[in-house]
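Numbering of residues begins at 1 and proceeds along the displayed sequence.
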Amino acid sequence: MTDKHLSTQFDAELSGISTRVLEMGGLVEAQVAQAVQALVTFSGEQAIEVVRTEEKVNAMEVEIDRELSTIIARRQPTARDLRLLIAISKTIANLERVGDEAARVARTAQRLIEGGVPTRLRLPMTDLSFEADLATAQLRKALDAFARLDVERAVEVLKHDDQIDKEFEGLLRKLITYMMEDPRTISSSIDLVFVAKAIERVGDHAKNLAEVVIYVVKGTDVRHNPPEAVEVMVK
């Protein structure tokens with residue numbers, strides 16, 4: 001078998017596994033959106049569907065991980081290809097955690113539906129929905145950067161990460177106010193705090209994916225650096 005044929009096969013395997021990663025990304029993105037929708041509309045059916053989807057996401061992570069191990073053992077990839085394979089491993093780990101956060105939101109929705117939510121606490125649902133829109137948009141951009149190996153797109157994700165943090169902090173202040181004014185809202189408010197934190201973590205995982213893209217393309221580890229410094233590092 002010629003080296004060219006081996007190379008073509010390897011490229012096809014990389015393309016196939018990258019496609020699987022994007023499928024997994026699309027699944028968890030939809031999972032997050034559905035989990036928040038379940039909470040906002042108090043839909044027990046949607047919450048159940050999100051929890052069921054978690055099993056599919058977990059299975060995809062295991063399958064892709066197995067494929068990665070096989071490729072590494074069989075192909076002995078060179079430096080850049082090895083970086084990509086390592087990046088894919090990190091990417092699916094982050095996506096699996098996004099699925100975990102979505103399932104956490106769905107389970108909280110189930111608990112609130114069963115226990116009943118004070119009318120006043122239905123007001124922050126709009127804020128939660130907005131925070132979730134920001135997080136899923138970040139995740140979508142990060143996956144797009146991965147698909148195209150687009151460093152500029154990845155840097156954009158890093159630049160907008162603080163928007164989700166600000167939304168979380170604002171929602172936290174609002175919920176604390178509710179708890180202080182009406183102790184009967186404490187239990188439900190705490191649940192919503194955990195939901196808001198889960199959504200914020202989705203944004204964190206999107207940021208991690210963007211950093212992985214930069215690592216693949218540039219071979220530079222930009223973790224724990226502010227966006228301004230990252231821009232300089234990738235030039």
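- Counting only distance, with no hydrogens or angles, the side chain of Gln31 and the backbone of Val50 share a donor-acceptor pair below 3.5 Å.
- Taking the side chain as every heavy atom from C-beta outward, Asp100 and Asn58 approach each other to under 4.5 Å.
- Remark: Arg66 CZ to Ile71 CD1 distance equals 13.0 Å, nearest 0.5 Å.
- The hydrophobic clustering, which links ILVMFWY residues whose side-chain heavy atoms are closer than 4.5 Å, places Ile176 and Ile186 together.
- From Leu39, atom CG reaches atom CE of Met125 across 4.0 Å, with rounding to the nearest 0.5 Å.
- Residues His205 and Leu95 form no side-chain contact, since every pair of their non-hydrogen atoms from C-beta on lies 4.5 Å or further apart.
- With rounding to the nearest 0.5 Å, the separation of OG1 in Thr41 from CD in Gln46 is 5.0 Å.
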**OP:** Any chance you could lay out the side-chain contact (heavy atoms from CB on, under 4.5 Å) test for Asp204 and Asp161, step after step, and finish with the verdict?
**Re:** CA-CA 7 Å; Asp204 289 340; Asp161 179 63; 4.0 Å; yes

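- Looking at Ile214 and Leu158, their side chains come closer than 4.5 Å, going by heavy atoms from C-beta outward.
- Residues Met24 and Glu96 meet the side-chain proximity criterion, which asks for heavy atoms closer than 4.5 Å.
- Asp150 places a side-chain N or O within donor-acceptor distance of the main-chain N or O of Arg153, the cut-off being under 3.5 Å.
- Remark: of the listed residues Leu27, Val21, Ile92, Asp65, Leu27 is the sole one forming a side chain to side chain contact (heavy atoms under 4.5 Å, CB included) with Met60.
- Hydrophobic clustering places Val216 together with Leu85 (ILVMFWY residues linked when any side-chain heavy atoms are closer than 4.5 Å, directly or through intermediates).
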**OP:** Evaluate salt bridge (Lys or Arg N to Asp or Glu O under 4.0 Å) for Lys166 paired with Glu169, printing each intermediate quantity in order.
**Re:** CA-CA 5 Å; Lys166 288 175 182 175; Glu169 290 165 5; over 6 Å; no

**OP:** Would you please test Arg201 and Arg97 for side-chain contact (heavy atoms from CB on, under 4.5 Å) and show each step?
**Re:** CA-CA 9 Å; Arg201 286 194 187 111; Arg97 291 185 190 110; over 6 Å; no

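- In this structure, Val51 and Ala103 approach most closely via the heavy-atom pair CG2-O, 4.4 Å.
- A donor-acceptor pair under 3.5 Å links the side-chain atoms of Lys218 to the main chain of Val234, judged by distance alone.
- In terms of heavy-atom proximity, Ala102 sits nearest to Ala35 at O-CB, 3.3 Å.
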**OP:** Report the C-alpha distance between Leu22 and Phe146 in whole Å, list the side-chain angles of each, state the deciding distance to 0.1 Å, and finish with yes or no for side-chain contact (heavy atoms from CB on, under 4.5 Å).
**Re:** CA-CA 8 Å; Leu22 293 174; Phe146 173 82; 3.8 Å; yes

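- For the pair Val155 and Pro227, the minimum side-chain heavy-atom distance is 4.5 Å or more.
- Here the OG atom belonging to Ser18 is positioned 9.5 Å from the CD1 atom belonging to Ile64, to the nearest 0.5 angstrom.
- Residues Leu192 and Leu112 have side chains in contact (heavy-atom distance under 4.5 Å, counting atoms from C-beta outward).
- When all heavy atoms of Ala38 and Ala47 are compared, the pair lying nearest together is CB-N, 3.6 Å.
- Remark: the backbone N or O of Tyr178 is paired with a side-chain donor or acceptor of Thr185 at under 3.5 angstrom.
- For Arg111 and Glu114, the salt-bridge test fails: no basic side-chain N is under 4.0 Å from an acidic carboxylate O.
- Judged as a side chain to side chain donor-acceptor pair (under 3.5 Å), and not counting sequence neighbours, the contacts of Arg148 are Asp144.
- If you take OG1 on Thr177 and CE on Met179, they are separated by 8.5 Å, rounding to the nearest 0.5 Å.
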**OP:** For Val212 and Asn208, run side-chain contact (heavy atoms from CB on, under 4.5 Å): C-alpha distance rounded to whole Å, both residues' side-chain angles, the deciding distance at 0.1 Å, then the answer.
**Re:** CA-CA 6 Å; Val212 163; Asn208 292 344; 5.7 Å; no

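- Residues meeting the side chain to side chain donor-acceptor pair (under 3.5 Å) test with Arg104, sequence neighbours left out: Glu101.
- Residues meeting the side chain to side chain donor-acceptor pair (under 3.5 Å) test with Lys197, sequence neighbours left out: Glu200.
- Residues passing the side chain to side chain donor-acceptor pair (under 3.5 Å) test with Glu61, sequence neighbours excluded: none.
- Contact annotation: the side chain of Val28 approaches that of Leu139 to within less than 4.5 Å [non-hydrogen atoms, C-beta and beyond].
- Applying the salt bridge (Lys or Arg N to Asp or Glu O under 4.0 Å) rule to Glu231 yields the partners Lys159; only residues at least two apart in sequence or on another chain are considered.
- Here Glu67 pairs with nothing under the salt bridge (Lys or Arg N to Asp or Glu O under 4.0 Å) rule; sequence neighbours left out.
- Atom CE of Met180 is surrounded by 12 or fewer heavy atoms from other residues, nucleotides or ligands within 6.0 Å.
- Minimum interatomic distance between Ala135 and Ile199 (heavy atoms only, all atoms of both residues): CB-O, 3.7 Å.
- Closest non-hydrogen pair, Ala210 versus Ala142, comes out as N-CB, 4.3 Å.
- Here the OG1 atom belonging to Thr220 is positioned 9.5 Å from the OH atom belonging to Tyr215, to the nearest 0.5 angstrom.
- Under 4.0 Å is where a charged nitrogen must lie from a carboxylate oxygen, and between Glu156 and Lys141 no such pair does.
- Cluster annotation: Val36 and Ile164 are assigned to distinct hydrophobic clusters (Ile/Leu/Val/Met/Phe/Trp/Tyr, side-chain heavy-atom contacts under 4.5 Å, transitive).
- Following chains of ILVMFWY side-chain contacts shorter than 4.5 Å, one can reach Val193 starting from Val40, so the two form part of one hydrophobic cluster.
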Subject >> salt bridge (Lys or Arg N to Asp or Glu O under 4.0 Å) assessment of Glu63 paired with Arg20 >> reply: CA-CA 10 Å; Glu63 289 167 11; Arg20 291 277 287 153; 2.4 Å; yes

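- A continuous path of ILVMFWY side-chain contacts below 4.5 Å connects Leu128 to Phe168, so both sit in one hydrophobic cluster.
- Heavy-atom minimum distance, Leu175 versus Ser189: CD1-O, 3.9 Å.
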